[in-house]
Trainee: 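Here you go, one structure.
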Amino acid sequence: MPDAAQKVALVTGANQGLGLALVRGLRRTLGEESVVYLAARDADRGEAACSLLQREGLTPDFIQLDITDAASVAAAAGKIRARHGGIDIVIQNAAARITRDTPQADQVAGFVDTNNHGTLRVIEAFVPLLRDHARFIVVASSFGSLRNLDPRLHGKFDAPGLTLRDIERAMDEFVSLTRAGMARQEGWPDWINVPSKIGQVAAVRVLAREKADEFRRRGILVNAACPGLIDTEASRPWFEDMSKAATPDEGARDLVWLATLPAGTQEPYGILVRHRKPHPWT
């Protein structure tokens, strides 16, 4: 990767939890002259998170970015292009939460729009800005494996010639079926997080395949990453035993490692990585 003084990094959804820990980890790992953008949808919360890190002696830069709004994503990318000419590290961490109190059929549209369509918005806006030896990471989970999906649906996420738009159409189909109460009979899981994570990992795999010639030539790595179980407000309602969960800072370590792999690193590429090792797709 470029010298530390030339590195520019961005973490979305970074005002709390894992995202905040990722900014902290990058800010500590990269050189003092590097720039680490803490991106958040809400400006007040984002600025407050930056102030928290500043009290720790760190110097993040805030940028407003709402991944559900294409104009907001494009505006953030435009600012970074104008200021720096490109970017070295992008971690797409922003995600919607699922709540127990609301039927998943009532949550699925917003959930997919954020986690899946939002990921595509970040891809479309920031991939053109990637410098040589850049690292592009989508935070997903080990649920993002075809082994968690009915074989009847595998072709929607893993077939020759699939495009990013094909993945988005599959997710839109899932949303429509879930809202209509017909998803289960078509083979979709009841928990909307599983198809969403599979869609995220599939998008990374498609992007890596479509851009393989260019990315390999320029030393760019693109991957999905599972940080494992993290003790956050988003995860606590879904797991009875959090005694073995990592703190956000502990969970961030492997992702910071992945984001700062040195120039010349060839692998991992285009896969889901968990605890620094490839996680099976099938």
Side-chain angles (χ1 to χ4, degrees), residues 9-27 29 36-41 49 65-68 73 76 87-98 111-123 125-127 130 134-145 148 167 171 192-208 221-235 238 245-261 268-279 281:
L10 169 82
V11 182
T12 66
N15 61 282
Q16 61 183 332
L18 179 63
L20 180 62
L22 287 167
V23 173
R24 180 183 288 115
L26 287 171
R27 189 62 277 180
T29 301
V36 180
Y37 283 101
L38 185 157
R41 176 178 58 185
L65 194 160
D66 178 358
I67 69 168
T68 68
V73 179
I87 196 164
D88 303 291
I89 297 170
V90 177
I91 303 182
Q92 170 14 36
N93 168 74
R97 298 181 183 181
I98 314 171
F111 190 73
V112 167
D113 183 56
T114 302
N115 296 12
N116 298 97
H117 300 333
T119 294
L120 180 61
R121 294 180 190 110
V122 173
I123 287 172
F126 284 93
V127 164
L130 296 178
R135 310 296 181 233
F136 190 102
I137 298 168
V138 174
V139 179
S141 83
S142 56
F143 292 119
S145 171
N148 298 315
I167 303 299
M171 295 310 305
I192 62 177
N193 194 38
V194 173
S196 178
K197 296 304 182 187
I198 291 170
Q200 284 185 306
V201 175
V204 167
R205 292 171 60 87
V206 168
L207 173 65
L221 297 180
V222 54
N223 289 290
C226 170
L229 180 59
I230 307 294
D231 187 1
T232 65
E233 292 182 7
S235 59
W238 297 97
T247 66
D249 287 312
E250 290 169 341
R253 290 172 188 164
D254 288 343
L255 276 69
V256 171
W257 166 82
L258 188 62
T260 57
L261 288 170
Y269 178 81
I271 62 170
L272 174 61
V273 180
R274 187 174 189 269
H275 299 327
R276 309 193 184 191
K277 296 181 180 179
H279 187 78
W281 173 236

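All heavy atoms count here, side chains included; hydrogens, waters and symmetry mates do not.
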Trainee: Indicate the atoms forming the closest heavy-atom contact of Ala95 with Asn115, along with that distance.
Mentor: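 So the two residues come closest at CA-OD1, 3.3 Å.
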Trainee: Do Lys197 and Asn148 make a side-chain contact, defined as non-hydrogen atoms from C-beta onward lying under 4.5 Å apart?
Mentor: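 A side-chain contact under 4.5 Å is absent here.
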Trainee: Say you draw a straight line from CZ of Phe136 to CD1 of Ile87; how long is it, rounded to the nearest 0.5 Å?
Mentor: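 Reported to 0.5 Å precision, the distance equals 9.0 Å.
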Trainee: Main chain of Ala94, side chain of Gln92: is a donor-acceptor contact present, judged purely on distance under 3.5 Å?
Mentor: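 Yes, because the side chain of Gln92 sits within donor-acceptor range (under 3.5 Å) of the backbone of Ala94.
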Trainee: Nearest 0.5 Å, what's the CZ-CG distance between Arg24 and Leu38?
Mentor: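 So the CZ of Arg24 and the CG of Leu38 are separated by 10.0 Å.
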Trainee: For the CG atom of Leu221 and the CG atom of Leu261, what is their distance to the nearest 0.5 Å?
Mentor: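 Reported to 0.5 Å precision, the distance equals 6.5 Å.
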Trainee: Of all heavy-atom pairs between Phe111 and Ala96, which one has the smallest distance, and what is that distance?
Mentor: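 Taking every non-hydrogen atom into account, CE1-O, 3.2 Å.
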Trainee: Could you tell me which non-hydrogen atom of Gly199 sits nearest to which non-hydrogen atom of Met171, and how far apart they are?
Mentor: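 Closest pair (atom of Gly199, atom of Met171, distance): CA-SD, 4.1 Å.
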Trainee: Heavy atoms, side chains only, cut-off 4.5 Å: are Ile137 and Val90 in contact?
Mentor: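 Answer no - side chains too far apart.
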Trainee: Report the distance from atom NE2 of His117 to atom CD1 of Ile167, rounding to the nearest 0.5 Å.
Mentor: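 Output value for this atom pair is 12.0 Å.
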Trainee: Flag the pair Leu26 / Thr260 as yes when at least one side-chain heavy-atom distance between them is below 4.5 Å, and no otherwise.
Mentor: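 The answer is yes; the side chains approach within 4.5 Å.
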Trainee: For the residue pair Leu20 and Ala49, what are the closest heavy atoms and their distance?
Mentor: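 Minimum heavy-atom separation between Leu20 and Ala49: CD1-CB, 4.0 Å.
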Trainee: Working to the nearest 0.5 angstrom, can you tell me the gap between Thr119 OG1 and Leu207 CG?
Mentor: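 If I round to the nearest 0.5 Å, the distance is 11.0 Å.
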Trainee: Counting N and O atoms only, with roles assigned by atom type, does the side chain of Asn93 sit under 3.5 Å from a partner on the main chain of Val139, one being a donor and the other an acceptor?
Mentor: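 No: the side chain of Asn93 does not pair with the backbone of Val139.
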Trainee: Considering all heavy atoms of both residues, which atom of Ser145 and which atom of Ile198 are nearest to each other, and what is their separation?
Mentor: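 Closest approach of Ser145 to Ile198: O-CD1, 3.5 Å.
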Trainee: Find out whether Leu258 and Asp254 are in side-chain contact, i.e. whether some heavy atom of one side chain is under 4.5 Å from a heavy atom of the other.
Mentor: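 Leu258 vs Asp254: side chains apart.
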Trainee: Can you tell if the side chain of Val204 reaches within under 4.5 Å of the side chain of Val222, non-hydrogen atoms only?
Mentor: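 Side chain of Val204 against side chain of Val222, heavy atoms only: contact under 4.5 Å found.
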Trainee: Is any NZ, NE, NH1 or NH2 atom of the basic residue among Asp113 and Arg121 found under 4.0 Å from an Asp or Glu carboxylate oxygen of the other?
Mentor: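 Counted as a salt bridge, because a side-chain N and a carboxylate O are separated by less than 4.0 Å.
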Trainee: Are Leu10 and Val122 close enough that some pair of their side-chain heavy atoms sits under 4.5 Å apart?
Mentor: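 Counting from C-beta outward, Leu10 and Val122 never come under 4.5 Å.
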Trainee: Distance-only, no hydrogens or angles: does the Asp88 side chain make a donor-acceptor pair with backbone N or O of Ala9 under 3.5 Å?
Mentor: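 Judged by distance alone, no pair lies under 3.5 Å.
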Trainee: Consider only side-chain N and O atoms of Asn116 and Ser196, and report whether a donor and an acceptor are under 3.5 Å apart.
Mentor: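 Asn116 vs Ser196: donor-acceptor pair found between side chains.
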Trainee: Dump the intermediate steps for side chain to side chain contact (heavy atoms under 4.5 Å, CB included) on Cys226 and Leu272, then the final yes or no.
Mentor: CA-CA 7 Å; Cys226 170; Leu272 174 61; 4.2 Å; yes
Trainee: To the closest 0.5 Å, what do you measure between CH2 (Trp257) and NE2 (His275)?
Mentor: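 The NE2 atom of His275 is 12.5 Å from CH2 of Trp257, to the nearest 0.5 Å.
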Trainee: Which atom pair, heavy atoms only, marks the closest approach of Arg276 to Arg253?
Mentor: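 Here Arg276 and Arg253 meet closest at NH2-O, 3.9 Å.
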Trainee: With a 4.5 Å limit on heavy-atom distance, are the side chains of Leu22 and Val256 in contact?
Mentor: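 Touching, per the 4.5 Å side-chain cut-off.
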Trainee: When you compare the side chain of Tyr37 with that of Thr12, does any pair of heavy atoms fall below 4.5 Å?
Mentor: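 Thr12 does not reach Tyr37 side chain to side chain.
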